[in-house]
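See structure below.
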Amino acid sequence: MKDGQPSAIYLKDYQVPAFLIDKTELTFDLDESVTIVTSRLHMRRNPESKFRTSPLILDGGEDVKLIALAMDDYQLPPEEYRIQNHQIIITATADQFILTCETLIEPQNNTRLEGLYRSSSMFCTQCEAEGFRHITYYLDRPDVMSVFTTTIMADADKYPVLLSNGNEISRELNEDGKTVAVWHDPFPKPAYLFALVAGNLEVLEDTFVTQSNRTVELKIFTESHNIDKVDYSMDALKRSMKWDEEKYGREYDLDIFMIVAVDDFNMGAMENKGLNVFNSSCLLASPKTTTDDGYQRVEAVVAHEYFHNWSGNRVTCRDWFQLSLKEGFTVFRDQQFSSDMNSPVVKRIEDVSFLKTAQFAEDAGPMSHPVRPASFIEISNFYTLTIYEKGAEIVRMIHTLLGEALFRKGSDLYFDRHDGHAVTCDDFVQAMQDASGIDLSQFKRWYSQAGTPRLTVTGDYDKSAKTYKLTVSQMTPTTSNQPTKLPLFMPIRVGLLDTKGQALTVELDGESKTNHVLTLSKSEQVFEFFNVDEAPIPSLLRGFSAPVKLSYDYTVEQLAVLMSSDEDGFNRWSAAQELAVRELNALITQAKRNEPLSIESQLLVGFKHLLSDESLDKSMVSLILNLPSQAYLSEISDEVDPQAIKQARTYLKQLIAKALEQEFADCYERNNIALDYLPNAEQISQRQLKNVALSYWNESGSIAAKKAVLSQYHSADNMTDQFSALSIAVNTDHDDSTSMLEQFYDQWSHEALVVNKWLMLRAAQETEHGLEQIKALMSHNAFDLKNPNKVRAVLGGLGNSVSTFHDESGSGYAFLADQIIVLNKRNPQLASRLCTPLTRWRKMKPALSVLMQQQLERILMEELSKDVFEVVSKSLA
Ligand code: B3K
Ligand code: ZN
């Protein structure tokens with residue numbers, strides 16, 4: 001960092017705003033060269049602020065030019081205000097006044113993709129968290145809630161669609177050929193929920209009748225070539241609206257709900273009031289262009305953004321430290337929704353597997369932070385897995401502790417009590433406590449303490465007394481800035497099995513059943529079960545009832561029993577993972593020592609059984625067959641050797657593939673049935689199993705399998721099957737992989753989202769000249785540095801390629817650092833996200849660690865955005 005270093009802001013310094021804005025009237029005169037924004041802010045001093053004479057300070061950005069400033073129609077001369085650090089400071093103000101502010105912005109030059117910018121031929125906005133200040137000067141903080149009226153003027157031919165939040169209250173054509181549309185949103189909201197869209201767009205329309213019988217208009221807008229791909233999103237939206245009424249009693253409140261798809265977008269989607277803006281990758285779906293995973297993502301994101309209408313918009317965050325108030329709760333809600341729409345156990349396994357791979361890694365790294373952080377330099381860096389996924393786990397634990405009925409009582413109280421207000425995580429927990437009568441004071445530590453707790457469990461059976469004692473101890477390793485950790489309050493769901501896998505009905509605290517919830521609150525606690533007829537196998541942390549790392553010294557035989565018989569589906573998967581991890585770790589150790597790899601795999605018997613038993617859930621079987629990922633094995637390693645992990649995974653997969661070649665072939669053939677594509681749970685699980693089986697079968701080296709890969713690739717009528725076959729071919733150096741890749745590009749070059757999949761697959765390819773390939777991709781016609789999806793496809797793909805990224809010369813790291821340095825100026829949010837793989841440097845084997853560190857140090861020498869500076873400097877600290 002060359003000049004002065006950006007400084008952190010702290011939760012402990014929070015003050016209520018000195019001024020409020022009751023009404024916000026905005027006028028946008030949109031144009032391709034300059035856009036003029038005029039605001040009329042109806043302001044008054046906040047009676048709750050103790051600072052009765054403090055100056056008015058409005059946030060702005062380096063890209064906003066002030067043209068005129070007036071107070072109650074009196075033009076302020078330059079000596080009556082000053083601009084400092086992009087803020088306007090006005091020392092003398094009345095207690096109540098109207099501030100008029102005219103600013104000039106250039107959306108066409110906005111490459112940061114926050115504020116107002118252009119994507120393709122449209123104008124669109126992204127204001128969360130602090131984008132609004134790049135549009136005009138404002139009190140850009142979530143606890144300033146205002147009623148917005150927005151006037152949009154734009155060329156009628158080029159921009160027939162003009163949208164903002166709320167309802168359209170008028171629309172007319174000016175004599176200069178511009179349309180003037182006025183939108184009014186009756187619900188007070190913070191500026192981060194403001195949105196504007198202008199473009200030449202097509203629309204899919206539908207309606208939804210709410211539980212109180214109001215008809216809501218639903219509109220999804222896209223560019224014309226994509227309008228055939230939003231039927232599924234519309235369906236998901238209607239299902240979400242219904243589900244939120246039934247599950248949470250939440251009804252939609254405006255007369256219209258709109259979604260717009262844009263191509264250039266920094267994240268997945270944004271919940272602006274009444275006008276959600278989506279990355280097209282999270283909205284568009286069609287069988288031929290979208291995989292099953294893509295469909296499920298669309299369903300989840302549509303639901304997530306819709307659910308924010310209550311958990312985020314009607315009740316919002318007091319300050320950005322409370323981000324998880326809306327994100328953790330809304331992720332929990334979208335997880336529940338997807339679980340209800342599909343298979344609960346499969347959904348849980350997928351979510352936990354993601355949490356344990358990515359959030360646990362974040363929690364153990366230099367950016368580790370509590371779910372309610374105590375400080376930050378750049379809030380955009382805190383849209384993290386900890387805020388979202390761990391935040392959702394915290395809400396899930398409350399749900400487990402309270403049970404369904406009391407949890408609903410708590411959420412009703414929360415929404416009623418805080419409707420229209422900006423509140424804190426404590427307010428959420430308090431509502432849950434008040435509604436249930438359950439003391440959650442110790443539980444609140446989950447919000448302030450970072451790091452993943454470790455649980456160690458031992459069991460002690462007393463044959464004569466028929467009792468079984470479980471001793472559970474917890475400890476959370478220190479994380480940056482938090483040397484001491486206190487014990488946490490958490491639910492641990494457990495059951496006991498006999499040696500054949502039958503559930504034992506046992507007594508705890510006077511209750512006899514097969515499934516108990518223990519509440520752990522101390523560093524060490526003993527739980528005693530009665531009427532235990534034989535020495536049991538404990539099934540611990542069922543459903544992953546708390547986000548912890550658990551260790552219990554199971555024998556291989558016990559794991560095999562859990563894997564085949566536990567009544568808890570999640571723990572069946574978990575036991576299989578544990579077995580696979582043990583074998584992979586043994587192989588990784590051999591690889592690290594340069595020994596020949598060899599193992600007697602205990603997985604074969606279980607896998608053989610899974611492949612032959614047609615009564616089992618196909619998704620579950622697929623999930624169990626998938627070996628722990630490269631990323632997960634890295635997360636659980638003390639010292640990461642990427643090449644050794646890759647070698648171990650390949651070895652074990654081939655060993656299983658060869659031993660069970662016939663079983664995989666049969667399983668593939670049985671499930672390779674032509675179907676009219678539907679993205680439902682039944683079909684998805686069938687395709688999932690078929691493609692996992694094909695992947696193993698191909699790994700066995702069988703010629704028939706190679707033919708099957710090629711034949712599936714060419715005959716597939718849906719993207720799931722086509723892309724699975726292509727990925728299998730590319731990742732195993734199939735003789736036809738080059739021609740398949742070429743054919744794929746030719747077939748899909750007109751579909752941006754499919755091309756992105758192709759970019760990612762090629763970028764992640766394990767080849768000798770990987771870096772040349774990456775460079776060629778970045779100069780390919782299909783690449784565009786302005787489009788975050790494409791950048792993530794190529795540079796994310798690079799991060800996944802062991803041979804290219806972790807090349808021992810350090811060339812992969814240096815290349816990524818080069819790109820971060822370029823993007824740091826164009827799009828700081830994107831640049832900062834791309835740093836993640838380098839931030840893991842301390843855990844890498846020494847030869848690689850030092851090379852990563854050097855690149856971080858090189859980045860730090862540059863003139864950096866706050867975003868990149870924060871991540872890189874914290875990583876090196
Ligand atoms: N709330 C937005 C995320 C905004 C990210 C800003 N850098 C999407 C979501 O979580 O629903
Ligand atoms: Zn969200």
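Order of appearance sets the numbers: ligands from 1, and atoms from 1 within every ligand.
With sequence neighbours excluded, the residues satisfying side chain to side chain contact (heavy atoms under 4.5 Å, CB included) with N800 are M760, A764.
Here E271 does not reach the Zn ion (ligand 2): none of its N/O/S atoms is less than 2.8 Å from the metal.
When each atom of ligand 1 is checked for a heavy atom of E271 under 4.0 Å away, the hits are 1 (N), 2 (C), 8 (C), 9 (C), 11 (O). Every atom of ligand 1 with a heavy atom of Q829 under 4.0 Å away is listed here by number and element: 7 (N). Atoms of ligand 1 found under 4.0 Å from any heavy atom of M267, numbered from 1 in the order shown, are 4 (C), 5 (C). Listed by number with element, the atoms of ligand 1 under 4.0 angstrom from any heavy atom of H308 are 9 (C), 10 (O), 11 (O). Under a 4.0 Å criterion applied to the non-hydrogen atoms of M270, ligand 1 contributes the atoms 1 (N), 2 (C). The contact set between ligand 1 and K326, taken as ligand atoms under 4.0 Å from a residue heavy atom, comprises 1 (N).
Classified by interplanar angle (parallel below 30°, tilted 30° to 60°, perpendicular above 60°), the ring pair H304/Y388 is parallel. The aromatic rings of F544 and F360 lie tilted to each other, with the angle between the two planes from 30° to 60°. Taking the six-membered ring where the residue is Trp, F415 and Y248 present perpendicular rings, their angle passing 60° and hence far from 30°.
Shortest contact from atom 3 (C) of ligand 1 to any protein heavy atom: Y388 OH, 3.5 Å. Closest to atom 6 (C) of ligand 1, if we only count protein heavy atoms, is E128 O, 3.2 Å. Summary of contacts: the protein heavy atom closest to atom 8 (C) of ligand 1 is A269 O, 2.9 Å.
An N or O contact shorter than 3.5 Å is missing between S380 and ligand 1 by distance. Residue Y383 has no N or O atom closer than 3.5 Å to an N or O atom of ligand 1. Between H304 and ligand 1, an N or O atom pair is found at a separation short of 3.5 Å.
The shell of residues lying under 4.0 angstrom from ligand 1, judged by heavy atoms, excludes E114.
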| said: Set out, in order, the CA-CA distance, both residues' side-chain angles and the distance that settles side-chain contact (heavy atoms from CB on, under 4.5 Å) for Y414 and M432, then state yes or no. | reply: CA-CA 7 Å; Y414 168 72; M432 290 291 167; 5.5 Å; no

| message | Is there a side-chain contact (heavy atoms from CB on, under 4.5 Å) between L30 and L196? Walk through the geometry before answering. | response | CA-CA 11 Å; L30 298 175; L196 176 154; 4.2 Å; yes

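Counting only distance, with no hydrogens or angles, the side chain of N313 and the backbone of E271 share a donor-acceptor pair below 3.5 Å. S875 places no side-chain N or O within 3.5 Å of a backbone atom of T839 that could act as its donor or acceptor partner. S164 places a side-chain N or O within 3.5 Å of a backbone atom of A195 that can act as its donor or acceptor partner.
The name of the N, O or S atom in E327 nearest to the Zn ion (ligand 2) is OE1.
The angle H304:NE2 - the Zn ion (ligand 2) - H308:NE2 amounts to 100°, with values rounded to 10 degrees.
With R314 as reference, D253 is the one residue of D416, D244, D253 to meet the salt bridge (charged side-chain N to carboxylate O under 4.0 Å, His left out) rule.
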